[in-house]
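Worksheet for the structure shown next.
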Amino acid sequence: MAAVETTQREVPPTALPGLGRALILAGKLGQKSAEDIYRKAQRGRTSFIAELTGSGAVSAADLAHIMSSAFAAPLIDLDAIDPQRLPKGLLDGKICQDFRVVVLSKRDNRLIVATADPSDNQAAENIKFATQLSVDWVIAEYDKLLKLVTANATSAAETIDNIIGGDFEFDDISSDALPESTEATVAEVEDAPVVRFLHKMLLDAFSMRASDLHFEPYEHNYRVRFRIDGELREIAAPPIAIKDKLASRIKVISRMDISEKRVPQDGKMKLKIGRDRVIDFRVSTLPTLFGEKIVIRILDPSSAKLGVDALGYEPAERERLIQAIGRPYGMILVTGPTGSGKTVSLYTCLNLLNQPGVNIATAEYPCEINLPGVNQVNVNDKAGLTFAVALKSFLRQDPDIIMVGEIRDLETADIAIKAAQTGHLVLSTLHTNDAPTTLTRLRNMGVAPFNVSSSVILITAQRLARRLCPNCKTPITIAPQVLLDAGFQNDELNDVAVSYRAVGCAMCNNGYKGRVGLYQVMPVSEEIQRIILRDGSALEIAEQAKREGVRNLRQAGLHKVKLGLTSLEEVLAVTNE
């Protein structure tokens with residue numbers, strides 16, 4: 001009988017959790033007390049640390065200090081942290097709940113994680129496996145940690161409920177979007193795990209301020225990447241078997257033909273968040289070797305209502321733009337690569353011009369932002385509704401202002417220029433590297449020099465550079481020769497005696513948070529018109545613009561460096577001298 005009692009009472013030291021053994025070695029808990037607490041936790045099916053702090057054997061505050069000393073890990077007070085500013089999407093919420101951890105930040109390939117039990121090797125291994133990042137522990141008090149984990153879990157659950165419920169809805173899917181379906185097709189569209197996964201990806205992208213989602217199939221794996229502040233980041237690696245079902249689901253809610261997998265398709269979907277927030281998504285599919293790659297662009301209509309000041313124009317540049325859009329006729333062109341913010345700039349101008357007494361018509365492919373009061377037309381080449389056809393129709397609709405999504409060919413350029421010459425204000429985009437080359441691009445299309453010089457009144461070239469996080473940016477001193485090589489003048493060196501570099505914290509993405517616009521705003525002056533008429537080169541136009549005080553994109557970026565808004569490395573990466 002005595003032997004039986006001994007067996008029930010004693011717990012082998014190796015069976016105790018690492019936390020218990022650490023407390024025993026530190027002399028803060030006796031062997032018997034630790035064993036009793038461990039047995040009680042097992043009977044109650046609770047964790048050892050919950051039973052430990054709940055029984056009063058060790059207070060949460062004392063435990064945190066002991067663990068910090070025993071494991072040489074920093075101690076943090078979670079009351080001093082704003083939960084809203086914690087990074088999102090770095091670690092699955094279920095892992096955070098299961099192991100009672102909170103992600104504080106990410107630095108390079110290391111994840112900074114708050115825990116009350118740094119001896120939990122299983123937690124570290126699970127986090128490393130899920131994120132492919134090494135774990136650096138920071139010690140927190142268990143009661144505060146539990147409160148924060150529970151709050152985050154509740155918030156996330158409520159948000160997902162809102163997504164799947166009535167507060168977050170896709171547009172109604174009409175039966176026209178579906179071809180004659182087989183049972184397999186219906187199963188693909190209605191597969192519940194796929195629906196939940198897509199909802200989660202859209203929610204995460206929205207909460208992380210992503211501009212694009214990339215769903216990419218490969219031979220042996222599948223990955224999801226978000227473009228955040230202009231940089232692609234891998235977010236998830238779901239099973240490869242999900243690719244066809246996920247593609248079908250996205251194509252259905254985007255009004256595409258789910259039976260067609262051989263050619264690219266474009267579509268749109270609209271999501272309602274809450275009572276008065278609607279987010280539009282532009283969807284593009286592309287057949288690749290191993291399935292359809294899908295890219296979803298997030299289009300937030302509120303971005304068009306931010307105003308010119310929020311776009312990042314300097315006072316002189318803003319004045320030139322406002323003066324140009326206030327003119328009764330002429331052509332304004334916005335240039336830059338894909339994703340440089342051209343559409344937002346155009347719609348910001350349209351929002352300023354959108355008055356009850358003005359008739360505005362736009363032709364786009366597709367219409368990215370819905371602006372009440374503006375007559376928007378979706379170009380449809382298959383149906384014969386091209387940019388040129390839409391423009392011809394606009395001119396019979398008594399327009400005041402016309403916006404063309406993109407000038408792609410001579411026919412569209414000719415009609416747009418004639419509209420600008422006959423009393424209409426025309427806004428459009430071109431894909432060129434800077435403002436001076438835009439004029440020569442029109443010439444290369446076949447537009448006569450006289451038509452270019454008499455119609456174009458202003459050109460804006462733009463780029464988006466990542467904005468330094470104000471919370472963690474660190475002053476650095478840059479060698480004068482490096483500044484001179486970048487494009488600064490000798491008399492500017494004192495203004496950039498102290499610059500900043502990206503560091504990285506819990507509130508940002510590797511030291512950057514948001515983006516700032518770099519602009520080259522070039523009015524077409526009389527002297528530039530003369531250069532165009534004599535068929536001068538882009539270099540001549542650029543030299544004249546420089547004499548007239550127009551900054552090129554590199555100079556605009558260097559000015560943002562002087563203001564401490566971005567780093568020199570970022571400006572060098574997005575601009576050419």
Side-chain angles (χ1 to χ4, degrees), residues 73-78 80-88 90 103-114 133-134 136 138 208-209 227-233 306 309-318 340-341 462-520 551-577:
L75 188 65
I76 190 170
D77 182 5
L78 292 181
I81 289 181
D82 181 359
Q84 300 301 319
R85 295 191 171 186
L86 289 172
K88 304 291 191 299
L90 293 177
V103 177
L104 300 176
S105 66
K106 174 180 173 290
R107 291 180 183 172
D108 299 325
N109 64 338
R110 309 193 72 81
L111 209 59
I112 315 302
V113 183
L133 300 170
S134 298
D136 286 344
V138 174
M208 295 168 72
R209 306 185 310 280
R227 188 175 293 280
I228 302 171
D229 295 337
E231 191 175 57
L232 278 172
R233 290 174 51 190
L306 294 174
D309 293 337
L311 295 180
Y313 284 92
E314 294 303 317
E317 296 166 345
R318 183 176 64 244
S340 60
Q462 63 185 69
R463 298 288 189 278
L464 290 177
R466 291 181 294 171
R467 186 189 293 267
L468 283 167
C469 172
N471 184 63
C472 66
K473 65 180 183 181
T474 301
I476 57 168
T477 301
I478 303 176
Q481 189 57 48
V482 174
L483 296 174
L484 292 171
D485 291 342
F488 282 107
Q489 302 299 314
N490 279 305
D491 57 355
E492 296 179 291
L493 295 183
N494 290 333
D495 296 334
V496 282
V498 177
S499 185
Y500 294 89
R501 68 177 177 88
V503 177
C505 67
M507 302 180 197
C508 66
N509 178 31
N510 295 328
Y512 296 95
K513 186 176 183 180
R515 289 193 281 180
V516 61
L518 311 180
Y519 301 95
Q520 179 185 28
R551 287 194 185 109
N552 61 30
L553 287 167
R554 170 61 64 83
Q555 291 167 339
L558 296 179
H559 183 68
K560 293 294 193 291
V561 173
K562 285 197 287 186
L563 296 177
L565 297 176
T566 189
S567 65
L568 182 61
E569 293 82 4
E570 181 68 7
V571 169
L572 296 177
V574 300
T575 64
N576 288 326
E577 191 173 358

Closest non-hydrogen atom pair between L572 and A486, with its separation: CD2-CB, 4.0 Å
- prompt: Can you tell me if E570 uses its side chain to pair, donor with acceptor, with the backbone of S567 under 3.5 Å?
  reply: no
- request: Check side chain to side chain contact (heavy atoms under 4.5 Å, CB included) between R467 and all other residues, then give those that pass, not counting sequence neighbours.
  value: V516, L565
- request: Please tell me if the side chains of K560 and L518 come closer than 4.5 Å, counting only heavy atoms from C-beta onward.
  value: yes
- prompt: Is a donor on one side and an acceptor on the other found under 3.5 Å between the side chain of T474 and the backbone of C472?
  reply: yes
query: Checking side chain to side chain contact (heavy atoms under 4.5 Å, CB included) for the pair L568/R501: CA distance, chi angles, key distance, verdict?
result: CA-CA 8 Å; L568 182 61; R501 68 177 177 88; over 6 Å; no
Partners meeting ring pair (Phe, Tyr, Trp, His ring centres under 6.0 Å) with Y519 (sequence neighbours left out): Y313
For R209, side chain to side chain contact (heavy atoms under 4.5 Å, CB included) partners two or more places apart: D229, K513
- request: Report the C-alpha separation of S134 and L111 in whole Å, then their side-chain angles, then the decisive distance to 0.1 Å, and conclude whether the side chain to side chain contact (heavy atoms under 4.5 Å, CB included) test is met.
  value: CA-CA 6 Å; S134 298; L111 209 59; over 6 Å; no
task: Examine the side chains of Y512 and T566 and answer whether a donor and an acceptor come within less than 3.5 Å of each other.
output: no
message: If the threshold is 4.0 Å, N to carboxylate O, is there a salt bridge linking E231 and R515?
response: no
statement: Here the gap from I478 atom CD1 to S499 atom OG, rounded to the nearest 0.5 Å, amounts to 4.0 Å
field: Residues that L232 engages under side chain to side chain contact (heavy atoms under 4.5 Å, CB included), provided they are two or more places apart
entry: H214, R225, R227
message: Which residues pass the ring pair (Phe, Tyr, Trp, His ring centres under 6.0 Å) test with F488, not counting sequence neighbours?
response: none
field: Side chain to side chain, V113 and L104, heavy atoms closer than 4.5 Å
entry: no
Gap between atom CG of L133 and atom CZ of R107 - 0.5 Å precision: 14.0 Å
query: Can you name the side-chain hydrogen bond (donor to acceptor under 3.5 Å, both in side chains) partners of R110, sequence neighbours left out?
result: D136
query: Within a strict 4.5 Å, meaning less than it, do heavy atoms of the L483 and L558 side chains meet?
result: no
message: Less than 4.5 Å apart, side chain to side chain, heavy atoms only: is that true for I112 and V103?
response: no
Test item: Q520 side-chain N/O and Q462 main-chain N/O as donor-acceptor pair under 3.5 Å: no
